[in-house]
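Heads up: the structure comes next, in structure tokens.
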Amino acid sequence: QVQLAESGGGLVQAGDSLRLSCAASGRTVSRYAMGWFRQAPGKGREFVASINWTGGRTYYTDSVKDRFTISRDNAKNTVYLQMNNLKPEDAAVYFCAAARQIEIATNERIYDYWGQGTQVTVSS
């Protein structure tokens, strides 16, 4: 089993940056694709970014391209989401997820393990 724990959320102003971390435990996720999703109040969970097992390939939803960067450190069993130029519409609970496949995935149904989420609030 894999346990995922997100951290790094908080309250920021529009234009600020945050870096989310997702620490995996239980087993190594070095051969897992990893993803970040978010869920705003009253909305469904949406895909944000995914990274393949080596970190060599990434994919983002259009609304965060050029502002967010997903990365991973397999030696630390950790995935990151660097979020720059945050906007009020980025406010949500952010979830980390792990998929038992090596290539990126955008469909939440493919992911096998999920963290509890971390809140990101962006004031205008």
Side-chain angles (χ1 to χ4, degrees):
Q1 284 288 348
V2 173
Q3 293 81 43
L4 301 174
E6 304 94 338
S7 61
L11 170 63
V12 297
Q13 293 186 330
D16 285 350
S17 298
L18 276 176
R19 189 175 83 153
L20 306 183
S21 298
C22 172
S25 60
R27 64 179 301 167
T28 178
V29 293
S30 61
R31 292 185 66 84
Y32 287 27
M34 301 295 294
W36 286 97
F37 290 76
R38 66 188 180 186
Q39 186 167 19
K43 295 186 178 181
R45 190 157 55 188
E46 67 167 343
F47 168 79
V48 175
S50 180
I51 189 167
N52 77 332
W53 69 296
T54 65
R57 275 189 288 277
T58 59
Y59 189 80
Y60 301 91
T61 192
D62 285 346
S63 63
V64 307
K65 283 179 182 177
D66 301 322
R67 297 189 299 121
F68 290 13
T69 302
I70 187 172
S71 61
R72 66 190 300 161
D73 185 337
N74 285 340
K76 295 182 177 179
N77 227 23
T78 300
V79 177
Y80 305 96
L81 185 68
Q82 176 68 42
M83 306 186 295
N84 297 330
N85 189 23
L86 281 160
K87 302 176 180 182
E89 53 264 41
D90 294 319
V93 177
Y94 282 72
F95 298 91
C96 172
R100 288 178 293 182
Q101 63 179 49
I102 60 175
E103 283 305 327
I104 58 175
T106 62
N107 188 333
E108 64 176 283
R109 296 181 181 181
I110 293 175
Y111 287 85
D112 302 288
Y113 304 102
W114 292 83
Q116 293 299 307
T118 185
Q119 177 73 50
V120 172
T121 305
V122 185
S123 63
S124 58

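Computed from a predicted model, the values in this text were never measured in an experiment. For the numbers below, each heavy atom of this structure counts, side chains included, while hydrogens, waters and symmetry mates do not.
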Using the rule that two of Ile, Leu, Val, Met, Phe, Trp, Tyr join whenever any of their side-chain heavy atoms come within less than 4.5 Å, decide whether [X] and [Y] are in one cluster.
X: Val12; Y: Leu20; answer: yes
X: Val48; Y: Val120; answer: yes
X: Phe47; Y: Trp53; answer: no
X: Ile104; Y: Trp114; answer: yes

Please say whether more than 12 non-hydrogen atoms of neighbouring residues, nucleotides or ligands are located less than 6.0 Å from CD in Gln116.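 No.
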
Tell me whether Asn107 at atom CG has more than 12 heavy atoms from other residues, nucleotides or ligands lying less than 6.0 Å away.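 Enclosed: over 12 neighbouring heavy atoms sit under 6.0 Å from CG of Asn107.
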
For a ring pair (Phe, Tyr, Trp, His ring centres under 6.0 Å) check, start with the C-alpha distance between Trp36 and Phe68, then their side-chain angles and the critical distance, and finish with the verdict. CA-CA 11 Å; Trp36 286 97; Phe68 290 13; 9.9 Å; no

Could you check Arg67 against Asp90 for side-chain contact (heavy atoms from CB on, under 4.5 Å), going step by step and ending with a plain yes or no? CA-CA 11 Å; Arg67 297 189 299 121; Asp90 294 319; 2.7 Å; yes

Nearest 0.5 Å, what's the [atom1]-[atom2] distance between [X] and [Y]?
X: Thr118; Y: Leu81; atom1: OG1; atom2: CG; result: 11.0 Å
X: Arg57; Y: Asn52; atom1: CZ; atom2: CG; result: 5.0 Å
X: Asn84; Y: Arg19; atom1: CG; atom2: CZ; result: 11.5 Å
X: Gln119; Y: Arg38; atom1: CD; atom2: CZ; result: 12.0 Å

How close do [X] and [Y] get, counting heavy atoms only, and between which atoms?
X: Ala14; Y: Pro88; value: CB-CD, 4.2 Å
X: Asn77; Y: Ser30; value: OD1-N, 4.2 Å
X: Gly117; Y: Glu6; value: N-OE1, 2.9 Å
X: Gln101; Y: Ile110; value: OE1-CG2, 3.4 Å
X: Ala97; Y: Tyr111; value: CB-CD2, 3.4 Å
X: Tyr80; Y: Asp73; value: CE1-CB, 4.1 Å

Given Val79 and Ile70, is the side-chain contact (heavy atoms from CB on, under 4.5 Å) satisfied, shown in steps? CA-CA 7 Å; Val79 177; Ile70 187 172; 4.0 Å; yes

What do the steps show when you test Glu103 against Tyr59 for side-chain contact (heavy atoms from CB on, under 4.5 Å), and what is the final call? CA-CA 10 Å; Glu103 283 305 327; Tyr59 189 80; over 6 Å; no

Which one of Leu86, Val93, Leu11 satisfies the side-chain contact (heavy atoms from CB on, under 4.5 Å) criterion with Thr121?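 It is Leu11, the one option of Leu86, Val93, Leu11 that forms the side-chain contact (heavy atoms from CB on, under 4.5 Å) with Thr121.
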
Main-chain N/O of Val29 paired with Arg72 side-chain donor or acceptor, under 3.5 Å: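 Yes, Arg72 side chain to Val29 backbone: donor-acceptor pair under 3.5 Å.
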
Residue pair Met83, Tyr94: steps toward the side-chain contact (heavy atoms from CB on, under 4.5 Å) verdict: CA-CA 11 Å; Met83 306 186 295; Tyr94 282 72; 3.8 Å; yes

Are Lys65 and Asp62 within salt-bridge range, i.e. N to O under 4.0 Å?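 A salt bridge links Lys65 with Asp62.
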
Side-chain contact test, heavy atoms from C-beta onward, threshold under 4.5 Å: evaluate it for Met34 versus Leu4 and give yes or no.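 Yes - at least one pair of side-chain heavy atoms lies under 4.5 Å apart.
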
Do Phe37 and Glu46 come close enough that some side-chain heavy atom pair is under 4.5 Å?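 No; the side chains remain at least 4.5 Å from each other.
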
